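Below: one structure, written as structure tokens.
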Amino acid sequence: MNPIYQHNESEQDAWDLAESLMQQARAMMREAEVALDTWRTGKEMNRLRCARRGISTTDAEIRWSASSNAKNALTTNNFSTGLATMYYNAATANYARALYLHVTDLTRG
């Protein structure tokens, strides 16, 4: 937060916590994106492998979705997305708290 606009320590603490939570949320979203890319790449590689063996696209998708690699990638994606959402919501609450403390301090002063 810009020191010019900071009014009290509680406001700064709320802002700093919100910033930290945003960083964690972004890290979780990066993990989710990596997991989704892993899933997409694996699906395409499996489709190509099955095509070389004469296996239909539908059967290739069924085989991929049943594989442990596909399940792990989707689980990681879902978990990381859930954590990112939690962190984003917590950051939002702390930004709102910082704003509330800022406005409250302005009305008192």
Side-chain angles (χ1 to χ4, degrees):
M1 176 178 274
N2 188 334
I4 296 171
Y5 300 111
Q6 179 200 357
H7 289 276
N8 60 51
E9 191 175 324
S10 296
E11 177 187 343
Q12 184 65 48
D13 290 345
W15 187 269
D16 290 343
L17 180 57
E19 290 289 308
S20 172
L21 291 166
M22 284 296 288
Q23 288 176 358
Q24 289 176 312
R26 289 182 188 115
M28 288 294 101
M29 284 306 295
R30 282 190 294 275
E31 285 187 33
E33 289 170 356
V34 167
L36 186 58
D37 286 343
T38 298
W39 184 85
R40 285 183 187 143
T41 302
K43 180 179 175 183
E44 181 60 18
M45 291 178 70
N46 185 65
R47 186 190 67 76
L48 293 171
R49 187 179 317 114
C50 287
R52 282 193 305 269
R53 294 179 183 172
I55 298 171
S56 72
T57 303
T58 304
D59 285 341
E61 287 190 25
I62 291 169
R63 288 175 185 217
W64 172 244
S65 64
S67 73
S68 62
N69 288 341
K71 290 177 184 178
N72 287 341
L74 287 179
T75 298
T76 300
N77 175 268
N78 289 335
F79 179 75
S80 297
T81 302
L83 278 179
T85 301
M86 179 191 70
Y87 285 128
Y88 280 128
N89 289 337
T92 301
N94 278 281
Y95 282 128
R97 182 171 183 263
L99 180 61
Y100 169 78
L101 292 169
H102 180 79
V103 171
T104 301
D105 199 38
L106 284 178
T107 59
R108 284 188 207 149

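Residues: numbered from 1 along the sequence shown. Note that the structure is a prediction, hence the values are computed from the model and not measured.
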Exercise for the section: Please indicate whether Met45 has more than 12 foreign heavy atoms, meaning atoms of other residues, nucleotides or ligands, lying under 6.0 Å from its CE. Expected result: no

Handout entry: Salt bridge Glu33-Arg30, side-chain N to carboxylate O under 4.0 Å
Key = no

Exercise for the section: Rounded to the nearest 0.5 Å, what's the gap from OG1 on Thr104 to CG on Leu99? Could you check? Expected result: 9.0 Å

Handout entry: Closest non-hydrogen atom pair, Ala32 against Thr81
Key = CB-OG1, 3.5 Å

Problem - Separation between CE of Met29 and OG1 of Thr85, rounded to the nearest 0.5 Å - result: 7.0 Å

Problem - Phe79 reachable from Leu74 in the ILVMFWY side-chain graph, under 4.5 Å edges - result: no

Handout entry: Donor-acceptor under 3.5 Å (Ser20 side chain, Asp16 main chain)
Key = no

Problem - Rounded distance (nearest 0.5 Å) linking atom CZ of Arg63 with atom NZ of Lys43 - result: 15.5 Å

Practice task
Report whether Leu17 and Leu83 are members of the same hydrophobic cluster (ILVMFWY, side-chain heavy atoms less than 4.5 Å apart, transitive linking).
Solution key: yes

Exercise for the section: Please report the shortest heavy-atom distance between Glu11 and Ala98, naming the atom on each side. Expected result: CG-O, 3.5 Å

Handout entry: Asn46 side chain vs Gly42 backbone, donor-acceptor pair below 3.5 Å
Key = no

Practice task
Measure the spacing between NZ of Lys71 and CH2 of Trp39 and express it to the nearest 0.5 Å.
Solution key: 13.5 Å

Exercise for the section: Check Ser10 against Arg97 and note the closest heavy-atom contact, atom names and distance. Expected result: O-NH1, 3.9 Å

Exercise for the section: Identify the heavy atoms of Ala60 and Ile55 that sit nearest to each other, and give their distance. Expected result: N-CG2, 4.1 Å

Problem - Partner set under side chain to side chain donor-acceptor pair (under 3.5 Å) for Tyr88, not counting sequence neighbours - result: none

Practice task
Find the distance between CD (Glu61) and OG1 (Thr58) and round it off to the nearest 0.5 Å.
Solution key: 6.5 Å

Problem - Joint cluster assignment, Leu21 & Trp15, ILVMFWY side-chain distance < 4.5 Å - result: no

Exercise for the section: For the pair Ser67 (side chain) and Trp64 (backbone), establish whether a donor and an acceptor sit closer than 3.5 Å, ignoring hydrogens and angles. Expected result: yes

Fill in the blank from the handout: Taken to the nearest 0.5 Å, the spacing of Thr57 OG1 from Arg47 CZ works out to 6.0 Å

Problem - By side chain to side chain donor-acceptor pair (under 3.5 Å) - contacts of Asn77 (at least two apart) - result: none

Handout entry: Path from Met22 to Leu101 over hydrophobic side-chain contacts below 4.5 Å
Key = no

